[in-house]
Amino acid sequence: MNPMEPGAYGAHPDFDIGFDRHGRIALLHLKGRLAGVASLVLQQYLVKVLVARIPPLFIVNVEGLTETDDAGRETLRSADRHARASGGRMIVAGGAAALRLELGALDLVSSVDDAFAELTSSGAGDLL
């Protein structure tokens, strides 16, 4: 089974993941309810992103999320830890309120454009 194939793991019909690559930066768009089985689907996508390039640089756009449960939040926190441990970076863009995270739990910015700006700025730009 290809984890980059939409619907490969039978996610809840109220959840969808879009995937784009912009040079060395991967961009995942999350929509709907990140709860239950959807967290496992997201985990498979994130594993692929984390091993595709070292260091991993990626943005998770959560603007389209309507709900997130504890498993979904932990999946994002775990991906962030793995990205940092590999010398990379994960930025979560938009819709942070749907995540209901404690302050400082993830690298949050207000938009995808802001996330791209951070990843291509002086410090992270050296990784591109």
Mind checking side chain to side chain donor-acceptor pair (under 3.5 Å) for S78 and listing every partner two or more places apart, or none if nothing turns up?
none

Single-linkage hydrophobic cluster Y45~V51, side-chain heavy atoms < 4.5 angstrom:
no

If we only count heavy atoms from C-beta on, is the L50 to M90 side-chain gap below 4.5 Å?
no

Show your working on side-chain contact (heavy atoms from CB on, under 4.5 Å) between I25 and T120 and close with a plain yes or no.
CA-CA 9 Å; I25 301 172; T120 58; 4.0 Å; yes

Residue among L46, V60, D69 satisfying side chain to side chain contact (heavy atoms under 4.5 Å, CB included) with T75:
L46

I'd like to know whether D80 forms a salt bridge (Lys or Arg N to Asp or Glu O under 4.0 Å) with R77, so could you lay out the CA-CA distance, the side-chain angles of the two residues, the decisive distance to 0.1 Å, and finally the verdict.
CA-CA 5 Å; D80 181 65; R77 285 190 294 261; over 6 Å; no

From CZ (F58) to NE2 (H22), nearest 0.5 Å
14.5 Å

Looking at A71 and S39, what are the two nearest heavy atoms and their distance?
C-OG, 3.5 Å

Mind checking whether D107 and R84 have side chains closer than 4.5 Å, heavy atoms only?
yes

Would you say the side chain of S111 lies within less than 4.5 Å of the side chain of E63, judging by non-hydrogen atoms?
no

Run the side-chain contact (heavy atoms from CB on, under 4.5 Å) test on L30 and I17 for me, step by step, so that the C-alpha distance in whole Å, both residues' side-chain angles and the decisive distance to 0.1 Å come before the verdict.
CA-CA 5 Å; L30 309 184; I17 299 175; 3.8 Å; yes

Who pairs with H29 by side chain to side chain donor-acceptor pair (under 3.5 Å), at least two apart in sequence or on another chain?
D20, N61

Consider only side-chain heavy atoms of I, L, V, M, F, W and Y, link residues closer than 4.5 Å, and tell whether V47 and L28 are in one cluster.
no

Could you pull out all residues at least two apart from R53 that satisfy salt bridge (Lys or Arg N to Asp or Glu O under 4.0 Å)?
none

Evaluate the criterion side-chain contact (heavy atoms from CB on, under 4.5 Å) for residue pair L76 and R73; output intermediate values, then yes/no.
CA-CA 5 Å; L76 290 170; R73 287 186 289 277; 5.8 Å; no

Does I54 belong to the same Ile/Leu/Val/Met/Phe/Trp/Tyr cluster as L57, with side-chain heavy atoms less than 4.5 Å apart forming each link?
no

Give the minimum heavy-atom separation between A38 and R33, together with the two atoms involved.
CB-O, 3.6 Å

Output for pair (D16 CG, L34 CG), nearest 0.5 Å, gives 12.0 Å

In terms of heavy-atom contacts, F19 and A26 come closest through CE1-CB, 4.0 Å

Between the CD atom in E74 and the CD atom in Q43, the distance rounded to the nearest 0.5 Å is 9.5 Å

Taking the side chain from T66 and the backbone from G32, do they hold a donor-acceptor pair closer than 3.5 Å?
yes

Looking at every non-hydrogen atom in both residues, tell me the closest pair between P56 and A83 and how far apart they are.
CG-CA, 3.9 Å

So which atom in P55 and which in S86 form the shortest heavy-atom distance, rounded to 0.1 Å?
CB-O, 3.5 Å

Heavy atoms, side chains only, cut-off 4.5 Å: are F116 and L27 in contact?
yes

